[in-house]
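Everything below concerns the one structure shown next.
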Protein chains: 2
Amino acid sequence: MRGICTDRVRPRQRILDTARNLFRKYGIKGIGVEAIAEAADTNKMTLYRHFGSKDELIAECLREAANRACDIWKDLEAQHPDDALAQVRGWVRFGSACVLAEDRGCDLANAAVELPDGDHPAKRVIQEFKVAQRNRLAELCRRADLQNPDLVSDTLSLLLEGARVNRQSVGLDGPCAQFVAAAEAVIAASQRRTDTVAADAAR
Amino acid sequence: MRGICTDRVRPRQRILDTARNLFRKYGIKGIGVEAIAEAADTNKMTLYRHFGSKDELIAECLREAANRACDIWKDLEAQHPDDALAQVRGWVRFGSACVLAEDRGCDLANAAVELPDGDHPAKRVIQEFKVAQRNRLAELCRRADLQNPDLVSDTLSLLLEGARVNRQSVGLDGPCAQFVAAAEAVIAASQRRTDTVAADAAR
DNA sequence: CGCCAATGTTACCGACCGGTAACTATTCGG
DNA sequence: CCGAATAGTTACCGGTCGGTAACATTGGCG
């Protein structure tokens, strides 16, 4: 018995992966620790030995999701080395892929909505992650020689955050379908200093 | 005893108002029906006689919130009669006021995040509301003679949705602080056909 | 007044919640 | 091969959840 091939990973990691999926599927408050443990082919005691409480499990899940999400920046640099503008455009396309692929939005943002309690251990994780992402994108926009880089990066952040949350309300046919077009227009409008780019951006 | 002056409203309305506040404060899944009934100076039975279930109470709350939110359009028309562009700008300022005033974002969008279950009676309410808002704003942008009115309205929608959800993760100092600037820039960029406005929009 | 509908009260249901205790079985490194 | 750490099992705790039954109380209206 037991799962077919999941046995090579230790319970701690199985629990984290399973919890992340179930939180996405049912909402953080919509799934209990026992169900998580069972779905991870283990038991409640082991879960509580690794994470002291459900709240800590939540926080650890988000920490992992945040680390995973931070890999973008390396990927972008790898795909477009020394081309900050192409990296900004890559960020947009990556964001679009997230919107299209995931029926649920950003785990961190969703958790912030689901956990209004300001003292929750997850809140610190969420805030630090979002601030870090914001700074990274702003830096990228600066290196891409865009006008008003801080305004552009915050605009792009808001567009993506809006697209990911709006998809959960309206679906794929809603405003989120315009995310790429909106983002590209913003980028184009703030790079007017170079001369030839305005034309292809209008398309 | 009893509340000081709340007795003039019938229990049904008291329950709706109280539920809306408590859902905001603790999250939909974070508060129980008994607590809602007691906070509304009534009891669980009365609640269940008016709304058949917690899920129906949630849906009814959102229906009311949606109706309340629809009053904007009349207000905008009243404040800037026959000036669609001013109404678009008014929409932006109203959105900004929401972001600044409420620590929690749009009740409907939050509910969509908190209730991943696709069969929940609230889902239909949320979707219809968001679609209606989108159409209204798009129509306004069309009447304001903006270029690409559909793209502009969706961009503005995404910006506001992003600002309201991002505020819950990062707080008021995050990207949401740039909502007005971002929105104004988008509007300005899409009204280049008239000649004099570009200057004041640059500020 | 007397009737009826709306409300309030109390007690209860089964299910599940997050969390713990005590004990056993497994694994793995020295 | 032994000992220690890790993992699994079972049973349990008090509390809360959404939801219901039966009955008592109120209040408005003909």
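Every chain is numbered from 1, with letters handed out A, B, ... down the list of sequences.
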Quiz item: Should we say atom CZ of R142(A) is surrounded by more than 12 heavy atoms from elsewhere, each under 6.0 Å from it?
Solution: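 Yes, enclosed.
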Quiz item: Going by atom types only, do N43(A) and T46(A) share a side-chain donor-acceptor pair under 3.5 Å?
Solution: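 Indeed, the side chains of N43(A) and T46(A) share at least one donor-acceptor pair under 3.5 Å.
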Self-check item: Flag for N135(A)-E139(A): side-chain donor and acceptor within less than 3.5 Å
Solution: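 Side chains of E139(A) and N135(A): no pair found under 3.5 Å.
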Between [X] and [N], does any side-chain N or O lie under 4.0 Å from OP1 or OP2?
{"X": "T46(A)", "N": "dG8(D)", "answer": "yes"}
{"X": "R14(A)", "N": "dA7(D)", "answer": "no"}
{"X": "T42(A)", "N": "dG8(D)", "answer": "yes"}

Protein-nucleotide distance ([X], atom [atom1]; [N], atom [atom2]), rounded to Å:
{"X": "E38(A)", "N": "dG18(C)", "atom1": "CD", "atom2": "P", "answer": "13 Å"}
{"X": "Y26(B)", "N": "dC17(D)", "atom1": "OH", "atom2": "P", "answer": "12 Å"}
{"X": "K44(A)", "N": "dC13(D)", "atom1": "NZ", "atom2": "P", "answer": "13 Å"}
{"X": "R10(B)", "N": "dA6(C)", "atom1": "CZ", "atom2": "P", "answer": "9 Å"}
{"X": "M45(B)", "N": "dT25(D)", "atom1": "CE", "atom2": "P", "answer": "17 Å"}
{"X": "I58(B)", "N": "dG18(D)", "atom1": "CD1", "atom2": "C1'", "answer": "11 Å"}
{"X": "K29(B)", "N": "dC17(C)", "atom1": "NZ", "atom2": "C1'", "answer": "14 Å"}
{"X": "I31(A)", "N": "dG18(C)", "atom1": "CD1", "atom2": "P", "answer": "9 Å"}

Quiz prompt | Non-hydrogen side-chain atoms of E64(B) and N67(B) separated by less than 4.5 Å | solution =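 They are not in side-chain contact.
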Quiz item: How far apart are the C-alpha atoms of Q133(A) and W73(A), what are their side-chain angles, what is the distance that settles it, and do they pass the side-chain hydrogen bond (donor to acceptor under 3.5 Å, both in side chains) test?
Solution: CA-CA 9 Å; Q133(A) 295 285 94; W73(A) 305 111; 3.0 Å; yes
Please determine, for the side chain of [X], which listed nucleotide ([options]) has the closest atom?
{"X": "H50(B)", "options": "dG18(D), dT7(C), dG8(D)", "answer": "dT7(C)"}
{"X": "Y48(A)", "options": "dT7(C), dG8(D), dG18(C)", "answer": "dG18(C)"}
{"X": "K54(B)", "options": "dG18(D), dG8(D), dT7(C)", "answer": "dG18(D)"}

